Participant: 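Attaching a single structure in structure tokens format; questions to follow.
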Amino acid sequence: MDARGIIKIGMSAERTLVVPPERTVGHFVPDMPMVYATPMMILEMEMASGDAVRDHLQPGWITVGTEVDIRHIGASLVGSLVRTTAKVVAVERRVIRFEVEAFEGERKIGDGRHARGLVNVEMFNKRLGAK
């Protein structure tokens, strides 16, 4: 499958999340603040990126995260409403590149770039089974 024929620059998606205690750094690391953890913000950015293109993929194909270059620039407390956006900015044969951002209200709390690779699920599972 060649993404260039089906994925278009500008495709986008958005996710919202009310920050739960189990998504905070304090949940994972004792004595740390109960604020939205960077890996959890990146997870939402990756998921929004996948959401932006999922419905355009051929049956049997998915995208998997391959690169992240993210800044976490603002803390968010438990109960905060966080909105994460992803927009396609480049399309290669098997790689889709995104600009991603996260906001609490109008305040930007994170931004960066993310790439996802196209994967045929059957072939992927066969390769994993051979290991």
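These numbers were taken from a predicted model, which means no experiment stands behind them.
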Participant: Where is the tightest heavy-atom contact between Gly117 and Thr66, given as atom of each residue plus distance?
Facilitator: N-CG2, 3.8 Å
Participant: Going by side-chain hydrogen bond (donor to acceptor under 3.5 Å, both in side chains), name the residues that satisfy it together with Arg113, two or more places apart in sequence or in a different chain.
Facilitator: none
Participant: To the nearest 0.5 Å, tell me how far Ile42 CD1 sits from Met47 CE.
Facilitator: 14.0 Å
Participant: side-chain contact (heavy atoms from CB on, under 4.5 Å), that's the test. Do Arg23 and Leu43 meet it? Break it down for me.
Facilitator: CA-CA 10 Å; Arg23 294 260 184 126; Leu43 172 64; 4.3 Å; yes
Participant: Can Ile6 be reached from Ile96 by stepping across I, L, V, M, F, W or Y side chains whose heavy atoms are under 4.5 Å apart?
Facilitator: yes
Participant: Any salt bridge linking Lys87 with Glu101? Criterion: basic side-chain nitrogen under 4.0 Å from a carboxylate oxygen.
Facilitator: no
Participant: Can you name the closest pair of heavy atoms from Phe103 and Ile109 and give their distance?
Facilitator: N-CG1, 4.0 Å
Participant: Going only through I, L, V, M, F, W and Y residues with side-chain contacts under 4.5 Å, is there a path from Leu81 to Val78?
Facilitator: no
Participant: Could you note down all residue pairs passing side chain to side chain donor-acceptor pair (under 3.5 Å) where residues 68-77 supplies at least one of them, sequence neighbours left out?
Facilitator: Thr38-His72, Arg71-Asp111, Ser76-Glu104
Participant: Could you tell me whether the side chain of Met41 reaches within less than 4.5 Å of the side chain of Val82, counting heavy atoms only?
Facilitator: no
Participant: Do any side-chain atoms of residues 29-37 form donor-acceptor pairs under 3.5 angstrom with protein atoms, and if so which ones, sequence neighbours left out?
Facilitator:
residue: Tyr36; atom: OH; partner: Met40; partner atom: O; Å: 3.4

Participant: Holding to side-chain hydrogen bond (donor to acceptor under 3.5 Å, both in side chains), I want the full list of residues that pass it with Thr63, two or more places apart in sequence or in another chain.
Facilitator: Arg116
Participant: Does any non-hydrogen side-chain atom of Leu57 lie less than 4.5 Å from one of Ile7?
Facilitator: yes
Participant: Would you kindly confirm whether Val64 and Ile70 end up in one hydrophobic cluster when ILVMFWY residues are joined by side chain heavy atoms under 4.5 Å apart?
Facilitator: no
Participant: Considering non-hydrogen atoms only, spot the tightest contact between Ala86 and Phe98 and give its length.
Facilitator: CB-CD2, 4.3 Å
Participant: Write down the atom of Leu118, the atom of Met1, and the distance for their closest heavy-atom approach.
Facilitator: CD2-CE, 3.8 Å
Participant: Under 3.5 Å, sequence neighbours excluded: what are the donor-acceptor pairs made by side chains of residues 8-22?
Facilitator:
residue: Arg15; atom: NE; partner: Glu44; partner atom: OE1; Å: 2.9
residue: Arg15; atom: NH1; partner: Asp51; partner atom: OD2; Å: 3.0

Participant: Could you work out, with side-chain hydrogen bond (donor to acceptor under 3.5 Å, both in side chains) as the rule, every residue matching Thr84, not counting sequence neighbours?
Facilitator: none
Participant: If I take atom CH2 from residue Trp61 and atom CE from residue Met123, how far apart are they, to the nearest 0.5 angstrom?
Facilitator: 8.0 Å
Participant: Under 3.5 Å, side chain of His114 to main-chain N/O of Glu67, donor-acceptor pair present?
Facilitator: yes
